[in-house]
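This report refers to the structure that appears directly beneath it.
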Amino acid sequence: VIDATTSAPAIAAAVRAGKTRAREVVAGALERIAQRDRTLNAFTAVLREAALADADAIDRRLAAGEDPGPLAGVPFAAKNLFDVAGLTTLAGSKINADRPPATRDATAVARLRAAGAVLIGALNMDEYAYGFSTENTHYGPTRNPRDTSRMAGGSSGGSAAAVAGGLVPLALGTDTNGSIRVPAALCGVFGLKPTFGRVSRAGVVPLAWSFDHVGPLARDVAGLAAAFDAIAGPDPRDPACSTQPPARCSDALTRGIDGLRIAIAGGHFARLAADEALAAVGRVAAALGARHEVSLPETHRARAAAQVITAGEAGAYHLASLRTRAADFDPMTRERLLAATLLPAAAYVRAQRFRAWYRARVAEAFREVDVLLAPTTPWPAPALGPDRRHGGRHAEPPGRLHPAPVVHRPAGDLGTDRGSRRAASGRPAHRGALQRGRALPGCRPARGGGGGGGPP
Amino acid sequence: VDETDVERLAAHVGLTIPPGSRAAVAQHLATLLAAVRVVEEFPLPETTDPAWRFEP
């Protein structure tokens, strides 16, 4: 039975085996969106007719004996930062709403479609991806499906809420300083920030060129792996994209964790996290037999350098619009972007030099271990509303400033479904983080609908 | 950082910051400059190049 909890690979397997039709799966997703999204506000556009037509095309190909791809019939949606041919790329803004529709899909969208997945719509986000709350002034706040009085996190909040709410099994997001990891954690779904350069950002509005990553959010690790395998790989349209072909992740998931060296991230992450977040990490570590603790040096400075680099690049990107249309920016982003334009260039370069130093230290740490465990966020999801200017204190994801992959895996056994917090960071281009996520006891899809609890 | 600083700096980059936003911009700039100080306090080796490029 395909329902709001079925994972992307399971849906594709059922469609490919002829146990259900892509049209039925897509129609089910559209029905759930119609029922729930008036409350959640995860979607800014629903492509109902196009999605049903695409689903019919998948069914026709199957009937003709063709292979429509490994994600055949899997509904997905993309943060409205991604170009979708025929749709204006809002980037969460009023300003970009005046632009003409995109003429071609972003590479990641095109690759999911080529793998047989069916695009259902575009998702809400913080304006220009510069935030952690998805309390968008122009398009309204996205609500956390686990507790609709709380924020979904951001900036890929629509992506996380759409998966957590059972609307789609798979979504695309972007992550500059935590914008996949944080909403995945606060909504209790799985999220992957891949190694920098593994997934093309072509056709995606940038926030900070040197940090921006594209990645999936899904109902389980297998869903992340299947999506990653579909979207990763060289792309001449993105100059930061590696020319080296990535190893397939789906193939690694059944290998277990034998031989993987797993440690707990101490220091900065342990000091910041609430007891319940540390307890969740402790339970994961115990299940994996991880006792060794590794402290990455100068992590508080890495956080500061990431803040400076992001501001420097974002301020530079938006300077022209700030000169002519400052009043049209979301108040949540306008004043921070204005301040960002005033940073001295020497500060930006110093932060990039510190980044090189820090990256070398992280590389040294990953010579000793393959996977580091840490809380993705130190706190549960904050309430929506007036206290939203909390400086992103709920957003302290591991993996800032270095290019390593980070997987968020929910910890719904915290006694609350308001948010859940575990991350596994791995060596760049290494599949250990996904292997570890898969190997955890009880690893199964998060349940949507605001109830039912996440995986243990 | 005060509102006068913000007005002066903004003029150098061709920005006009509305009077109602200047206090908030000053506050955000002060936060960013505090982050800059945290980075600058670290004694980086002179030979450290910026991290322009990464290859997985």
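Note that this is a predicted model, so its numbers are computed, not measured. Chain letters run A, B, ... following the sequence lines, proteins first and then strands; every chain starts at 1.
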Contact origin within B/L44 toward chain A - heavy atom pairs under 4.5 Å = both

B/V6 vs A/L338 side-chain heavy atoms within contact, under 4.5 Å = no

inquiry  = Less than 4.5 Å to any heavy atom of chain B: does that hold for the side chain of A/A311, its backbone, both, or neither?
reply    = side chain

inquiry  = Taking the side chain as everything from C-beta on, heavy atoms only, tell me whether B/D49 gets closer than 4.5 Å to A/R353.
reply    = no

task = Locate the shortest heavy-atom distance separating A/A351 from B/V39; write the atom from each residue and the value.
result = CA-CG1, 4.0 Å

task = Pick one of side chain, backbone, both or neither for B/T16, based on which atoms fall under 4.5 Å of a heavy atom in chain A.
result = neither

4.5 Å side-chain heavy-atom contact, B/L33 and A/P344 = yes

query = Which distance, rounded to the nearest 0.5 Å, do you find between the CG of B/L15 and the CG of A/L319?
reply = 5.5 Å

ask   = Of all heavy-atom pairs between B/A35 and A/A304, which one has the smallest distance, and what is that distance?
value = O-CB, 3.6 Å

task = Output the distance between atom CZ (A/R334) and atom CD1 (B/I17), rounded to the nearest 0.5 Å.
result = 11.0 Å

inquiry  = Quick check on the interface: out of A/R336, A/Q307, A/R355, who has the most heavy-atom pairs with chain B under 4.5 Å?
reply    = A/R336

remark   = Shortest non-hydrogen pair, B/F42 vs A/R350, comes out as O-NH2, 2.7 Å

task = Could you look at A/R359 and say if it's the side chain, the backbone, both or neither that has a heavy atom under 4.5 Å from chain B?
result = side chain

key: Structural part of A/S210 lying under 4.5 Å from a heavy atom of chain B   = neither

Spacing of B/E41 atom CD and A/R301 atom CZ [to the nearest 0.5 Å] = 6.0 Å

request  = Below 4.5 Å from any heavy atom of chain B, which atoms of A/Y358 appear? Answer side chain, backbone, both or neither.
outcome  = neither

note = Taking every heavy atom of A/A356 against every heavy atom of B/P50, the minimum-distance pair comes out as CB-C, 4.2 Å

inquiry  = Report which part of A/P246 has an atom under 4.5 Å of a heavy atom belonging to chain B: side chain, backbone, both, or neither.
reply    = neither

note = When rounded to the nearest 0.5 Å, the distance separating CG of A/L342 from CG of B/L9 is 5.5 Å

ask   = Between B/L29, B/D5, B/V38, which residue shows the highest count of heavy-atom pairs closer than 4.5 Å to chain A?
value = B/V38

